[in-house]
Amino acid sequence: MLDVRFVRENPEQVVKALEKRNYDSSVFDDFLKNEKSRKDMREEVDNHRMKLNDISGKIGMMRKQGEDVSQLLQGAKSLSDTIKNQETYLNEYEVKVRNSLLIIPNIPHESVPVGKDEKENVEVRRWGEPRQFDFEPLNHWDIGEMLEIIDFERASKIAGARFSLMKGLGAKLERALMNFMLDLNVSKGYKEVFPPILVNRESMTGTGQLPKFAFELFIISDPELYLIPTAEVSVTNIHRNEILSEKELPIYYTAYTPCFRREAGSYGKDVRGLIRQHQFNKVELVKFAKPEDSYDELEALTKDAEDILQKLELPYRVVALCTGDLGFAASKTYDLEVWLPAQQKYREISSCSNFEDFQARRANIRFKREGKKGTEFVHTLNGSGLAIGRTVIAILENYQQKDGSVVIPEVLRPYMGVDIIK
RNA sequence: GGAGAGGUGGCCGAGCUGGUCGAAGGCAGCCGCCUGCUAAGCGGUUGUGGGAGUAAAAUCUCACCCAGGGUUCGAAUCCCUGCCUCUCCGCCA
């Protein structure tokens, strides 16, 4: 959420940002109109309130001295009615203003490349050389089925399309990756947490999934709860409605959680294999930082995610998302894309973003500077470190052998207990 | 699921037969005094958000005693709803 005052005072900047994101700026016109009404009405109500408080005080004093108050009472009554009446309008304006504010996206950072869609994302760097195969590399789903470590058919019997059943060493690989990543992240100073997977509406609003992206969520209606699409939601909301002290910042968390996504609007996309599932595992990195540090923290967080790929010896590249591809809440995002030999493509395996104070304002996460009055919003960041399912894909495809077996990356062997799946 | 108790400022804790309560008192914190150090002691001070105001302050003002409604001229105090916490019983991984 943007700062009301900022939006009110810098409308042209906001419009410009919306245009860069290919957003329709009509929401914005409504906002300005309602915000003006809201502000005027607020002032009027406040003034009337002051008068009423004054009269009420007098009534109290006079009563105590046994004086007649019927005259004052009459005036107070009508003033009170006026206020009540105005407050219903004020309420409407406030709701409208908040509602339009909640669906206005974040303003991209000045360093974000301007572009229309993902085609105009900018490659920042590459790591590792794609392996040269002396045979035709197979898709991960073929490898998985041949090795009997992934069973798509039974998964669809149990739950439906876009689910998977991991078996034997496949299941163990999933678990090994979670443990490996968590251990590595913890060794870098991230605090491990294991949060709720079902969250309430306030949490979903806090990180920006609601109200705009309800169609992407699995929703439970009684009681009203939402399955998280990413641990970002649970973990960022740990500090919702809190005032942190300056000295406890920055805060680093890492969490493993399952994630749930409707994948509405992605019909026909990546229907085969593990790429796009309704349920998948992910290890997440989340940071709370002071505003002046947040972009350094973004670079560091991205490096931490990259380090996982490097230790697994998987070739990847880093891409800076352009304004047209940038997520709703993000100010800046780097995607990590891992090389998939069967597709001959780099595919997203991690997304690292700085949200600046966009989420913090929605979720009301503030901090207090030492010796200073008042509070400021923190900056929130997060990134996958990493998506487990997609890491499984990358390992199966990049480490496959001619005989159909898959070699286990060095760093995972202590977690797997074997060095090859065959 | 059944029966009770409760949610007040950084913490503890009064107030809850409606008015002078943003809220006693204590602790903690900050500033100053005093004491050759420390402790004790003394005086002062300390929340959040919005608006007006200022070069910036000062200052003025509205709101906030879990949340949302209601009664009333006026609510931390009365009524309703929701959420959460605790105790007992039942049930359960």
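A, B, ... follow the sequence lines: proteins, then strands. Residue 1 opens every chain. Quantities reported herein were computed from a predicted structural model and do not represent experimental measurements.
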Exercise. Expressed in whole Å, how much space separates the P atoms belonging to B/C86 and B/U8?
Worked result: 14 Å
Exercise. Is there a Watson-Crick or G-U wobble partner for B/G53 with both distances under 3.5 Å, and which nucleotide is it?
Worked result: none
For this session: State whether A/R63 places a side-chain N or O below 4.0 Å from either non-bridging phosphate oxygen (OP1 or OP2) of B/G19.
Result: no
For this session: Hunt down the Watson-Crick or G-U wobble partner of B/C37, both distances under 3.5 Å, from any strand shown, or write none.
Result: none
Problem set entry | B/G43 pairs with, by Watson-Crick or G-U criteria that keep both distances under 3.5 Å | B/C31
Problem set entry | Test: A/K303 and A/E306 ion pair at under 4.0 Å | no
Problem set entry | Listed nucleotide nearest any side-chain atom of A/L52, set B/G74, B/G50, B/G49 | B/G74
For this session: If B/G22 has a Watson-Crick or G-U wobble mate with both distances under 3.5 Å, name it; if not, just say none.
Result: none
Seminar exercise, completed: Separation of B/G74 atom P from A/K77 atom NZ, nearest Å, is 7 Å
Exercise. Taking for each residue the nucleotide of RNA chain B with the nearest heavy atom, is it A/E43 or A/L72 whose nucleotide lies nearer the 5' end?
Worked result: A/E43
Problem set entry | Between B/G22 and B/G74 - P atom distance, rounded Å | 16 Å
Exercise. Between the side chains of A/T207 and A/E232, is a donor N or O closer than 3.5 angstrom to an acceptor N or O?
Worked result: no
Problem set entry | Spacing of the P atoms in B/C12 and B/C21 (rounded, Å) | 24 Å
For this session: For nucleotides B/C33 and B/G25, find the distance between their P atoms and express it as a whole number of Å.
Result: 25 Å
Exercise. Taking only side-chain nitrogens and oxygens of A/R42, does any of them come within less than 4.0 Å of OP1 or OP2 of B/A63?
Worked result: no
Exercise. Nearest-Å distance, NE2 (A/H48) to C1' (B/C73)?
Worked result: 15 Å
For this session: May I ask you to verify if any side-chain N or O of A/R8 is less than 4.0 angstrom from the OP1 or OP2 atom of B/G51?
Result: yes
Seminar exercise, completed: Applying the 3.5 Å cut-off to both distances, the Watson-Crick or G-U partner of B/U17 turns out to be none
Exercise. With a 4.0 Å cut-off on heavy atoms, is A/G374 in touch with a base, just the backbone sugar-phosphate, or nothing at all?
Worked result: sugar-phosphate
Exercise. Quantified in whole Å, what is the C1' atom distance between nucleotide B/G29 and nucleotide B/G90?
Worked result: 48 Å
Exercise. Once you round it to whole Å, what is the distance between P of B/C60 and CG of A/D46?
Worked result: 16 Å
Exercise. Starting at the 5' end of RNA chain B and moving along, which residue's nearest nucleotide shows up first, A/K368 or A/I59?
Worked result: A/K368
Exercise. Can a side chain N or O of A/S80 be found less than 4.0 Å away from OP1 or OP2 on B/U72?
Worked result: no
Problem set entry | Spacing of A/L79 atom CG relative to B/G74 atom P, expressed in whole Å | 9 Å
For this session: Please check if the side chain of A/S56 supplies one atom and the backbone of A/N53 the other of a donor-acceptor pair under 3.5 Å.
Result: no
Exercise. Does B/A52 have OP1 or OP2 sitting under 4.0 Å from an N or O in the side chain of A/K39?
Worked result: yes
For this session: Please evaluate the base of B/G74 for a donor-acceptor partner in the side chain of A/N53 within a cut-off of under 3.5 Å?
Result: no
Exercise. Between B/G50 atom C1' and A/L90 atom CG, what is the distance in whole Å?
Worked result: 11 Å
Problem set entry | Atom P, compared across B/C80 and B/A24: separation rounded to whole Å | 29 Å
Exercise. Any ion pair linking A/D270 and A/R347 (charged N to carboxylate O, less than 4.0 Å)?
Worked result: yes
Seminar exercise, completed: Taking B/G49, B/G19, B/C62 as options, the one with an atom nearest any side-chain atom of A/R49 is B/C62
Exercise. Is it true that A/K311 and A/D307 have a side-chain N and a carboxylate O under 4.0 angstrom from each other?
Worked result: yes
Seminar exercise, completed: From CD of A/E94 across to P of B/C62 the rounded distance in Å is 17 Å
For this session: Ignoring hydrogens and angles, state whether a donor on the side chain of A/E356 or A/N106 is under 3.5 Å from an acceptor on the partner side chain.
Result: no
For this session: Could you tell me whether A/K191 and A/E248 make a salt bridge, using a distance below 4.0 angstrom between a side-chain N and a carboxylate O?
Result: no
For this session: Can you tell me the pairing partner of B/C88 across any strand shown, Watson-Crick or G-U wobble, with both distances under 3.5 angstrom?
Result: B/G2
Problem set entry | Nearest-angstrom distance from the residue atom CD1 of A/I243 to P of B/G9 | 12 Å
Problem set entry | B/G18 to B/U71 separation - C1' atoms, rounded to the nearest Å | 11 Å
Seminar exercise, completed: Ranking B/U72, B/G51, B/C73 by distance to the side chain of A/K84, first place goes to B/U72
Problem set entry | Separation of atom CG in A/D40 from atom P in B/G50, rounded to whole Å | 18 Å
For this session: Could you please name the partner base of B/A63, counting Watson-Crick and G-U wobble pairs only when both distances are under 3.5 Å?
Result: B/U48
Exercise. Is the distance between the ring centroids of A/F328 and A/F358 less than 6.0 Å?
Worked result: yes
